[in-house]
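Heavy-atom basis, side chains included; hydrogens, waters and symmetry copies ignored.
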Amino acid sequence: MFETGDYIIYGNNGVCRVEDIGTLDISGVQKGQLYYTLQPVYSKGSKVFTPVNNDKVIMRPILTESEAKKIIDGIGEIDELWIEDDAKRDSAYKESIKKCDCTEWIKLIKTLYVRKQNRMTEGRKIAAGDERYLRQAEDNLYGELAISLHIDRNKVEDYIISRVEGEE
């Protein structure tokens with residue numbers, strides 16, 4: 001069970017802070033059931049209420065600082081998610097996002113970056129779906145790493161590049 005003040009990943013809501021743990025006095029909600037009150041870190045003004053024992057949405061602690069650095073240091077060993085068939089590729093991208101896993105997001109970012117470069121070389125734009133998945137994977141990854149590494153979200157990409165290139 002998470003504690004008040006913990007940062008967690010909560011499905012597609014990304015990084016959330018546990019604001020409260022307790023019962024809810026709302027009609028339609030099971031009496032006595034414990035709920036997390038979550039504040040999405042990058043969606044100010046919204047709150048999420050979810051049962052503590054929710055097994056339908058991925059809830060996990062964010063990476064520790066050392067885990068975040070280890071993942072960044074291993075980026076070179078993470079394979080791309082290369083699939084030729086358009087329908088299978090879109091499905092694989094969707095599944096990759098839904099796993100709420102940093103390694104999956106990195107695979108997706110690497111793949112889509114290469115696809116984007118290839119298309120630009122051919123004088124073509126990145127496909128709208130590819131762009132959407134790239135932004136989603138970057139938002140998820142950079143949001144989590146920013147909290148784990150105690151840096152501004154806008155500086156995460158530069159931090160990753162400098163660390164991968166051996167400057168950190």
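- Here the closest non-hydrogen pair linking Cys102 and Leu63 is SG-CD1, 3.5 Å.
- In this structure, Leu38 and Val18 have side chains that are in contact, with non-hydrogen atoms separated by less than 4.5 Å.
- Scanning for side-chain hydrogen bond (donor to acceptor under 3.5 Å, both in side chains) contacts around Glu3 gives an empty result, with sequence neighbours left out.
- The aromatic rings of Tyr133 and Tyr93 lie perpendicular to each other, with more than 60° between the two planes, well past the 30° mark.
- Using a 4.0 Å cut-off between a side-chain N of Lys or Arg and a carboxylate O of Asp or Glu, Arg60 and Glu144 qualify as a salt bridge.
- More than 12 non-hydrogen atoms from other residues, nucleotides or ligands lie less than 6.0 angstrom from CZ of Phe2.
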Query raised in the report: How far apart are the C-alpha atoms of Ile71 and Glu67, what are their side-chain angles, what is the distance that settles it, and do they pass the side chain to side chain contact (heavy atoms under 4.5 Å, CB included) test?
Result: CA-CA 6 Å; Ile71 281 196; Glu67 290 169 336; 5.8 Å; no
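- Listed for the Ser162 side chain is a donor-acceptor partner under 3.5 Å among the backbone atoms of Asp158.
- With hydrogens and angles ignored, the 3.5 Å screen pairs no side-chain donor or acceptor of Tyr42 with any backbone N or O of Gly14.
- Leu112 contributes atom CG, which lies 6.0 Å from atom CD1 of Ile126 (distance to the nearest 0.5 angstrom).
- Scanning both residues, Arg153 and Ala146, for their nearest heavy atoms gives CA-CB, 3.6 Å.
- Counting heavy atoms from C-beta on, the side chains of Lys31 and Asp25 come closer than 4.5 Å.
- Under the 4.5 Å side-chain criterion, counting only non-hydrogen atoms from C-beta, Tyr159 is in contact with Ile72.
- The shortest non-hydrogen separation linking Asn154 to Asp152 is N-OD1, 2.8 Å.
- The structure places NZ of Lys155 at 13.5 Å from CG of Leu149, a figure rounded to the nearest 0.5 Å.
- Residue Leu24 is not grouped with residue Tyr36 when hydrophobic side chains (ILVMFWY) are merged at heavy-atom distances under 4.5 angstrom, including chains of intermediate members.
- Residue Thr103 holds its OG1 atom at 9.0 Å from CG of Leu141, rounded to the nearest 0.5 Å.
- Remark: the backbone N or O of Arg119 is not paired with any side-chain donor or acceptor of Arg124 at under 3.5 angstrom.
- Looking at Val57 and Asn13, their side chains never come closer than 4.5 Å, going by heavy atoms from C-beta outward.
- Taking Glu95 as the reference, Lys98 meet the salt bridge (charged side-chain N to carboxylate O under 4.0 Å, His left out) condition, with sequence neighbours excluded.
- Taking 4.5 Å as the limit, some side-chain heavy atom of Trp105 sits within range of a side-chain heavy atom of Cys100.
- Under a hydrophobic-cluster definition in which Ile, Leu, Val, Met, Phe, Trp and Tyr are linked whenever side-chain heavy atoms come within less than 4.5 Å, directly or via other members, Met1 and Val48 are assigned to the same cluster.
- Residues Ile75 and Ile160 have side chains in contact (heavy-atom distance under 4.5 Å, counting atoms from C-beta outward).
- Using a cut-off of 4.0 Å between Lys/Arg side-chain N and Asp/Glu carboxylate O, Lys107 and Glu104 are scored as salt-bridged.
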Report task. Walk me through it: do Ile97 and Asn12 pass the test side chain to side chain contact (heavy atoms under 4.5 Å, CB included)? Result -> CA-CA 8 Å; Ile97 292 289; Asn12 289 333; 4.3 Å; yes
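- In the hydrophobic cluster analysis, where Ile, Leu, Val, Met, Phe, Trp and Tyr join through side-chain heavy atoms closer than 4.5 angstrom, Val164 is grouped together with Val156.
- With rounding to the nearest 0.5 angstrom, the CD1 atom of Ile106 is 12.0 Å from the CG atom of Asp79.
- Other residues, nucleotides and ligands contribute over 12 non-hydrogen atoms within 6.0 Å of the NZ atom of Lys47.
- With contacts defined as side-chain heavy-atom distances shorter than 4.5 Å, the pair Ile9/Val15 qualifies.
- Transitive grouping of hydrophobic side chains (ILVMFWY, heavy atoms separated by less than 4.5 Å) brings Leu145 and Ile78 into a common cluster.
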Query raised in the report: Does the pair Asp130 and Lys116 meet the rule for a side chain to side chain contact (heavy atoms under 4.5 Å, CB included), with working shown?
Result: CA-CA 8 Å; Asp130 286 359; Lys116 183 177 183 176; over 6 Å; no
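- Taken from CG in Leu34 to CD1 in Ile21, the straight-line distance is 8.0 Å, to the nearest 0.5 Å.
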Query raised in the report: Would Glu138 and Ile109 satisfy side chain to side chain contact (heavy atoms under 4.5 Å, CB included), going step by step from the backbone distance to the final call?
Result: CA-CA 7 Å; Glu138 286 177 337; Ile109 292 166; 3.8 Å; yes
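- For the residue pair Ile62 and Ser148, the shortest heavy atom distance occurs at CD1-OG, 3.7 Å.
- Between the Gln39 side chain and the Ser46 main chain, a donor and an acceptor come within less than 3.5 Å of each other.
- The CD atom of Glu131 sits 5.5 Å away from atom CG of Leu134, with the distance rounded to the nearest 0.5 Å.
- Across all their heavy atoms, Ala92 and Leu81 have their closest contact at O-CD2, 4.1 Å.
- Under the 4.5 Å side-chain heavy-atom criterion for ILVMFWY residues, no single connected hydrophobic cluster contains both Met59 and Tyr7.
- Lys110 is not listed as a side-chain neighbour of Trp82, based on a closest heavy-atom distance of 4.5 Å or more.
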